[in-house]
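As a basis for the values below, the full set of heavy atoms in this structure was taken, side chains included, without hydrogen atoms, waters or symmetry mates.
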Amino acid sequence: MSQDVEQKEESLFEAPPIAEQERMVEAILFASAEPVTVRELEARMPHGCDAAEALVYLRKRYDGRGVNVTKIGDSWAMRTAADLGFLMQKETVETRKLSRAAIETLAIIAYHQPVTRAEIEEIRGVSVSRGTVDQLLEMEWIRFGRRKMTPGRPVTFVVTQNFLDHFGLENARDLPGLKELRSAGLLENRPPPGSMPGPCEVDEDEETNEGQSELFED
Amino acid sequence: MSQDVEQKEESLFEAPPIAEQERMVEAILFASAEPVTVRELEARMPHGCDAAEALVYLRKRYDGRGVNVTKIGDSWAMRTAADLGFLMQKETVETRKLSRAAIETLAIIAYHQPVTRAEIEEIRGVSVSRGTVDQLLEMEWIRFGRRKMTPGRPVTFVVTQNFLDHFGLENARDLPGLKELRSAGLLENRPPPGSMPGPCEVDEDEETNEGQSELFED
Amino acid sequence: MADDIFEEDRVSVAERMAAEALIVDVDGFEGPLDLLLTLSRTQKVDLRKISVLQLAHQYLAFVEKAKALRLELAADYLVMAAWLAFLKSRLLLPPDPTEEGPSGEELAAHLAFQLERLQAMRDCAARLMARDQLGRDFFARGQVETVERVKSVTYTATLLDLMQGYARIRTRDDFRPFILDRESVFTMEQALERMRGLIGYAGEWTEIVTYLPEGWDNDPVRRRSATAATFAASLELVKEGHLDIRQGESFGPIQLRKRGA
């Protein structure tokens, strides 16, 4: 008789099948605002559940999915797969023209590389703000070159492959020289005429190389 | 030559494999508490993705799981399986207790939408207090529909996506017993013969008997 | 008379109690239609088979009792009572072919429809609220990952921008930096230098104008500048203790003399 009661109690508290426990853990982790410990899981699940085991199955199930079961400290949570983080952003891209200071700095680096900040400032006649250099570095249009063998061993800046790609140049040496700039009307102190000869056109000129090499001679 | 360019462009925009798209939809739906439209899904996914197709796979995958993929109007969301609600006492949010008048008004709007205030009053036999409508509007369970093309062009009320989401309905057409009510003629806006006393009185020239049926019949 | 019919309809004590309760609780009803629906339930039949005539009796009896109890009934209850009395007479009397308007049967059918519809809506409301509800039976994601609105700004420049930028810098070299045109300016430094050279000879009071540099007294602009500079230089020399300065009266001539002379 007493055995009957015991059996009845046992069956009353029999844990749900592990597949069902997995569903429970899944639902709890999904709905929880905070990561949940195994202990908390078991406190919320029916008596006799083995949340740790259910988690093993659940974790395997979500392996490689868009959402993963991850352990954070002692707790468990579901998180979007790291490689899909880009989906959590709604991107709006705005294209802006580079500031005049940045263009000038970039031009000096392109024409005079490798060039130190002090040299840039000397050529521009004004100091170069940190923001300008940072912006160009961030855009990956310039990078640090080797240090100059002058006192203080200042860092230099050079243009990058990205820069060349963007401007359709094979080499920084392909940049038109001073003479070409002048013949293109770019060196005159008046607004350039509407029909600007393209840089490629200038390139065809044989004299290009002279100006260029002169520029790049250290 | 031009074909080359075309091919190149096509390959550039080639959508990820559908399994990958499924992962993406999974991640986006998982991360959001609010339902997400197919359109928004695709806006966030790489170019050329077919979110609707990915959803078919995803929905099947979550069938019977602790978390389900549910359709709510034009949108999709992930929700825990209703049979596991007992695990979520911690997450349960106390919803504001609605008055009987508010619940009835809500039901009338849901089953008769788009419905005017006068029509609600005719069905309930009493005037609808402003507070009742305001409360439902505030909960974002109802919203204004388009005006009726009857004299005075009265505003109508319809239920919202939030309403569908809250009651786990894919569509207003899935309201329980809707078909039976319609076949019993209980959703008709039957004008009273002659004049009726009290709030039952409706504009006699009201010609829109088709009202609600029109909404549910597409 | 109405009372009699009412009593006839009532069979059990429980129903009579219920009817009493209805009256006491008149405020609990949401209008006459709600009351009619409640009364109709005592008929214990499908609403489609309800006897509207009997219902009219019930309602009128209710109103009578309420009046007897001196309960204040809202106007719409009384309007409904009047209308039901009218309906009752239509239903009881044989149809008068000369009479206009809808027949008693039509009116009764519509009332029955209204009651059935209201009951249907109440059932719907109950079914709706019995559904699984979000936040009670099923749940949304607890740990919402916010969708970041990333406004990325791409900066761009063309090769032309670059060349123009470079040209702008190089062109600058062709111009000397802007400096003030000082041709007509006699600086205090110049005046000081000049005065220091001359001061040794100023043993007597000498008018300041005689110290003005040569060639600066014809052009008024130049003379003004030279005068001001010379005066300022004189004051500086006074301060240094090399010179005395005096002016006899306002706008009178200013005279200088070497100190200690």
Side-chain angles (χ1 to χ4, degrees), chain A residues 15-37 39-49 51 54-55 57-70 75-93, chain B residues 15-34 36-47 49 51 54-55 57-70 76-93 165 168:
Chain A
I18 192 71
E20 194 55 25
Q21 293 185 36
E22 195 195 316
R23 284 183 78 228
M24 292 176 181
V25 172
E26 186 179 30
I28 295 173
L29 291 190
F30 175 85
S32 288
E34 304 284 323
V36 189
T37 63
R39 205 173 161 163
E40 273 177 280
L41 281 171
E42 282 178 357
R44 287 166 71 170
M45 289 160 75
H47 195 275
C49 282
L55 271 163
Y57 287 101
L58 191 69
R59 198 175 198 184
K60 202 173 282 169
R61 184 182 294 274
Y62 277 94
D63 189 37
R65 304 289 321 145
V67 172
N68 300 145
V69 178
T70 53
S75 306
W76 293 83
M78 288 176 114
R79 290 280 160 83
T80 41
D83 66 313
L84 297 179
F86 70 95
L87 293 170
M88 299 304 129
Q89 301 183 338
K90 225 182 243 176
E91 255 186 274
T92 50
V93 181
Chain B
I18 193 71
E20 194 54 25
Q21 293 185 37
E22 195 196 316
R23 282 185 77 228
M24 292 177 182
V25 172
E26 185 179 29
I28 295 174
L29 290 190
F30 211 93
S32 169
E34 301 291 316
V36 186
T37 62
V38 170
R39 204 172 163 163
E40 204 189 324
L41 283 170
E42 284 178 357
R44 283 165 67 179
M45 290 160 74
H47 194 276
C49 282
L55 273 162
Y57 289 100
L58 190 69
R59 194 177 205 181
K60 205 173 279 169
R61 183 182 295 273
Y62 276 92
D63 192 35
R65 305 286 322 143
V67 172
N68 300 145
V69 177
T70 55
W76 294 80
M78 284 181 120
R79 302 285 181 246
T80 59
D83 66 315
L84 299 176
F86 70 95
L87 295 169
M88 309 296 171
Q89 274 121 336
K90 207 181 156 192
E91 274 72 38
T92 306
V93 270
D165 192 15

- Query: What orientation do B:Phe30 and A:Tyr62 show, parallel under 30°, tilted 30 to 60°, or perpendicular over 60°?
  - Reply: perpendicular
- Item | Side chain, backbone, both or neither of A:Glu40 within contact of chain B (heavy atoms, under 4.5 Å) | side chain
- Item | Region of A:Arg61 in contact with chain B, defined by heavy-atom distances below 4.5 Å | side chain
- Message: If I compare all heavy atoms of B:Arg23 with all of A:Gly64, which pair ends up nearest, and what's the gap?
- Response: NE-O, 2.9 Å
- Note on the structure: Taking every heavy atom of A:Leu87 against every heavy atom of B:Met45, the minimum-distance pair comes out as CD2-CA, 4.0 Å
- Note on the structure: Looking only at B:Asn68, B:Leu58, B:Val67, the option with the highest number of non-hydrogen pairs under 4.5 Å against chain A is B:Val67
- Query: To the nearest 0.5 Å, how far apart are OG1 in B:Thr80 and CE in A:Met24?
  - Reply: 12.5 Å
- Message: Given heavy-atom pairs under 4.5 angstrom as the criterion, report whether the side chain, backbone, both or neither of B:Leu84 touches chain A.
- Response: side chain
- Note on the structure: Between A:Gly66 and B:Ala27 the two heavy atoms that sit nearest each other are O-CB, 3.5 Å
- Winner by heavy-atom pair count (cut-off under 4.5 Å) against chain B, out of A:Pro46, A:Ala81, A:Ser32: A:Ser32
- Message: Heavy-atom pairs under 4.5 Å with chain B - which of A:Arg79, A:Arg44, A:Met78 has more of them than the others?
- Response: A:Arg44
